[in-house]
Structures are given as C-alpha cells and as structure tokens.
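Accompanying notes for the structure given below.
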Amino acid sequence: MPEESVAEAAIAWFDANARDLPWRHPDAGAWAILVSEVMLQQTPVVRVLPAYAAWLARWPTPAALAADEPGEAIRMWGRLGYPRRALRLHECATAIAQRHDGVVPDDLDLLLALPGVGTYTARAVAAFAYGQRQPVVDTNVRRFVARAVAGQADGGHTTRPADLVATAALLPDEPAVAARASAAFMELGAVVCVARSPRCTICPLVERCAWRAAGRPALDGPSRRPQTYAGTDRQVRGLLLAVLREAVEPVPRPRLDVVWPEPTQRDRALRGLIEDGLVDPLPGDLFTLPKGP
DNA sequence: CACACGTGGTA
DNA sequence: TTACCAAGTGT
C-alpha cells in the first residue's frame, strides 16, 4: 500500500476541520466565489464575512453590479481597504457582462484578462468554482509548501512561477480532488501553518514536515521591508475617501481639506484618487465618488 | 524586481 | 508601542 500523499493527508484533515465559510457552500456560484476572492486579497476572513453577504445581496450577478455606478461599489466596499479593488470588481463585472454574456468565464486566460484578477484569483476561481486542476497559490499555500516540502521559511514575496510548479507537483490527477487539495492547503496555511506561531502540534503533516525536521529554520535573507502607514499618502487617501463614502451629495473641497493639515500631501492624495478613478471632480470645486462613463 | 495601494487586529 | 500580518494586483 502506497504511503498517503501530502494531498491525501491534507484533504482528510480538511474534511474534518474546514471552517464553514459561505463561499465554500455548494450554492456559491462562480460570481460569489470571485467576489470572495477579491475581497480576501489582503483582507482577513472575519472582516470579509459581512461585506460579502451584503455585496451579494445587493448584486447577485455580474450584470447587476455592472448596471450600477462604480461609486456605489466603492461605497459598499466600506472599510475593507484597498478600495481600488472595488473599482476593479465593478470593471470586472462590466467585462463579464459585455464579453462573456454575464457568465464568469471558466478559462484561465479569460479569467486572467479580467480587471483585478491576477495569478492567484484566476486559479482560485478555476479550481473552486469550476473544479479544475490548477495550482492555487496564495500566501498561505506558499508558506505551507515552503515549509512542509522545501523545509524553508517563506520569504513573504509574491507568488512566482516556481511556487506554482512546486504546488502543482502536489496536486492529485483528478481535477475535483486537486481542487479539494488546494482548498485544504490554503486552510492548513491559514489556521495551522500560520506565520508567527505555527501550531505544529495539531498539524496532520508534522511527521513528514521538512521544515520541522530541519529545526524550523528562520528566514534566510532580508525580510520584507516594513509597511509603514501613518503619515503616508495611503493614509491620507483613506481619510479623503472615507468622507466621500459617507456623503450623499457632492462634497465641497473645504470638507476634504479638514482631514489632513498638510496641503501638499493632501492635494497629491486627492489628485491620486482622481487619477485612479476613485474620485470624480465636479464643476464648482466639488468631489464625488465616480458615476461611471 | 520594487513599490504603491487601506484597514484593523494581535503580540 | 512598534511591528507584523492578512486568500494580491498593477505598474
């Protein structure tokens, strides 16, 4: 009898321990899964949960979102962070409505061509919504594979082709089983093989983990540079956009000026938001969330 | 490849 | 309190 594979062990653990998340329910279609994946880009599950439910209640289909204003998508995004994701998701819905008859495509290259859909999200939709055999590599999977298989600490970099290859090598042949394995790897990385204090004592793969066998070595090279926030343009953009999200009517400039005392940075942030399409300037020095083309 | 891009929770 | 971290993407 062959030794149980990494994927088999992960799936067995997943069968018994998976969190009950709405985008994993059988009734979650490709659109719901796509929405969840975009929301989960750099935002923790607990904060996505309520936003996900509200979003799909309002826009159950890509066509429904496409028919609404982009500014409404930005408003609904609330405080999930990186509001450009909301704008891209609106653009994405428009593209799906126009180019794909309102149906989220199942072809990887067509998915990759959608706004806001990159290496990770495209494969996540292909695997989780359409049951394809695709390596789905996010920060959790990267860390898990780097440790368990390569015996190394993950550098915190973004996913590279080599990461896809390494993960693909772990996937069973049967597409549906491979997709299940991808979900299991992700869950393992998210709740067991976590970044700071990995819970090796409850890990189903601890016996064969290369990282643990090597004495849990720390990161080799220089770690990811610290992400500062206080005093950055990002913070100022966030403050400006928060005002516009709450406002029903177009906002006069003085109401934006009060959020940040330094005019040079404040103006740069506002210009950046306009440049990015997150804010529309109106005649009379008024500003609003975008109404669309 | 490095950097910009929000927000909030935890150690 | 500072620092890290969270289902990344686009330039």
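Chain letters run A, B, ... following the sequence lines, proteins first, then strands; residues in each count from 1.
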Review point. Looking at side-chain heavy atoms only, is the closest gap between A/F287 and A/D280 below 4.5 Å?
Key: no
Point to revise | Atom P, compared across B/dC3 and C/dC4: separation rounded to whole Å | key: 15 Å
Exercise for review: Give one of base, sugar-phosphate or nothing for A/R123, where a contact means two heavy atoms less than 4.0 Å apart.
Suggested key: nothing
Check your understanding: Base, sugar-phosphate, or nothing: which does A/A195 touch, judged by heavy atoms less than 4.0 Å apart?
Key -> sugar-phosphate
**Study point:** Nearest-neighbour nucleotide for the A/M186 side chain, C/dA7, B/dT7, C/dT9 considered
**Key:** C/dA7
Check your understanding: Rounded to the nearest 0.5 Å, what separation is found between the CH2 atom of A/W77 and the CG atom of A/L278?
Key -> 11.5 Å
Check your understanding: Heavy atoms under 4.0 Å, any strand shown: does A/D233 hit a base, just sugar-phosphate, or nothing?
Key -> sugar-phosphate
Check your understanding: Quick one: on DNA chain C, does A/F128 or A/L114 contact a more 5' nucleotide (nearest heavy atom)?
Key -> A/F128
Review point. According to a strict under-4.0 Å criterion, is A/R142 in side-chain N/O contact with OP1 or OP2 of C/dA7?
Key: no
Check your understanding: Distance only, no hydrogens: is a donor on one side chain within 3.5 Å (strictly under) of an acceptor on the other, for A/R24 and A/S36?
Key -> no
Check your understanding: For the side chain of A/R142 and the backbone of A/D163, is there at least one donor-acceptor N/O pair under 3.5 Å apart?
Key -> no
**Study point:** Position toward the 5' end of DNA chain C (nearest nucleotide), A/V117 or A/W23
**Key:** A/W23
**Study point:** Distance, P atom - from B/dG8 to C/dT9, rounded to whole angstrom
**Key:** 23 Å
Review point. For the base of B/dG6, is there a side-chain donor-acceptor partner from A/T43 under 3.5 Å away?
Key: yes
Check your understanding: Would you say A/H90's side chain and A/D68's backbone share a donor-acceptor pair under 3.5 angstrom?
Key -> yes
Review point. Touch check for A/G118, heavy atoms < 4.0 angstrom, all strands: base, sugar-phosphate only, or nothing?
Key: sugar-phosphate
Point to revise | Spacing between A/R88 atom CZ and C/dT11 atom P, to the nearest angstrom | key: 6 Å
Practice item. For A/L241, answer base if it contacts any base atom (sugar-phosphate contacts may also be present), sugar-phosphate if it contacts only those atoms, and nothing otherwise; contact means non-hydrogen atoms under 4.0 Å. Key: nothing
Check your understanding: Does A/T121 make a side-chain N or O approach to OP1 or OP2 of C/dT9 shorter than 4.0 Å?
Key -> yes
Practice item. Give the rounded distance in Å between these two atoms: CZ of A/R85 and C1' of C/dA6. Key: 10 Å
Review point. Quick one: on DNA chain B, does A/R196 or A/R84 contact a more 5' nucleotide (nearest heavy atom)?
Key: A/R84
Exercise for review: Grab the CG-P distance between A/N140 and C/dC4 for me, whole Å please.
Suggested key: 19 Å
Check your understanding: How would you label the contact of A/T119 with the nucleic acid (heavy atoms, under 4.0 Å): base, sugar-phosphate, or nothing?
Key -> sugar-phosphate
Exercise for review: Calculate the interatomic distance between A/L40 atom CG and B/dG6 atom C1'; express it in whole Å.
Suggested key: 15 Å
Practice item. Check every strand shown and say whether A/V46 touches a base, only sugar-phosphate, or nothing at a heavy-atom separation below 4.0 Å. Key: nothing
Review point. Hey, which of these two, A/P44 or A/T232, hits DNA chain B nearer its 5' end, going by closest nucleotide?
Key: A/T232
Review point. For C/dA7, does OP1 or OP2 lie under 4.0 Å from any side-chain N or O of A/Q41?
Key: no
Point to revise | Residue pair A/E37 / A/Y120, side-chain donor-acceptor N/O under 3.5 Å | key: yes
Check your understanding: What is the distance, rounded to the nearest whole Å, between atom CG of A/L164 and atom P of C/dA7?
Key -> 18 Å
Check your understanding: Reckon A/R245 touches a base, only the sugar-phosphate, or nothing at all at heavy-atom distances under 4.0 Å?
Key -> sugar-phosphate
Check your understanding: Atom CD1 of A/I74 to atom P of B/dT7: distance rounded to whole Å?
Key -> 12 Å
Review point. Roughly, in whole Å, what's the span from NE2 in A/H157 to P in C/dA6?
Key: 13 Å
Check your understanding: At what distance, to the nearest 0.5 angstrom, does CG of A/L65 lie from OG1 of A/T94?
Key -> 6.5 Å
Review point. Within this structure, what is the CG-to-P distance between A/L87 and B/dC5, rounded to whole angstrom?
Key: 15 Å
Review point. With rounding to whole Å, what would you report as the distance between B/dA2 and C/dA7 at their C1' atoms?
Key: 23 Å
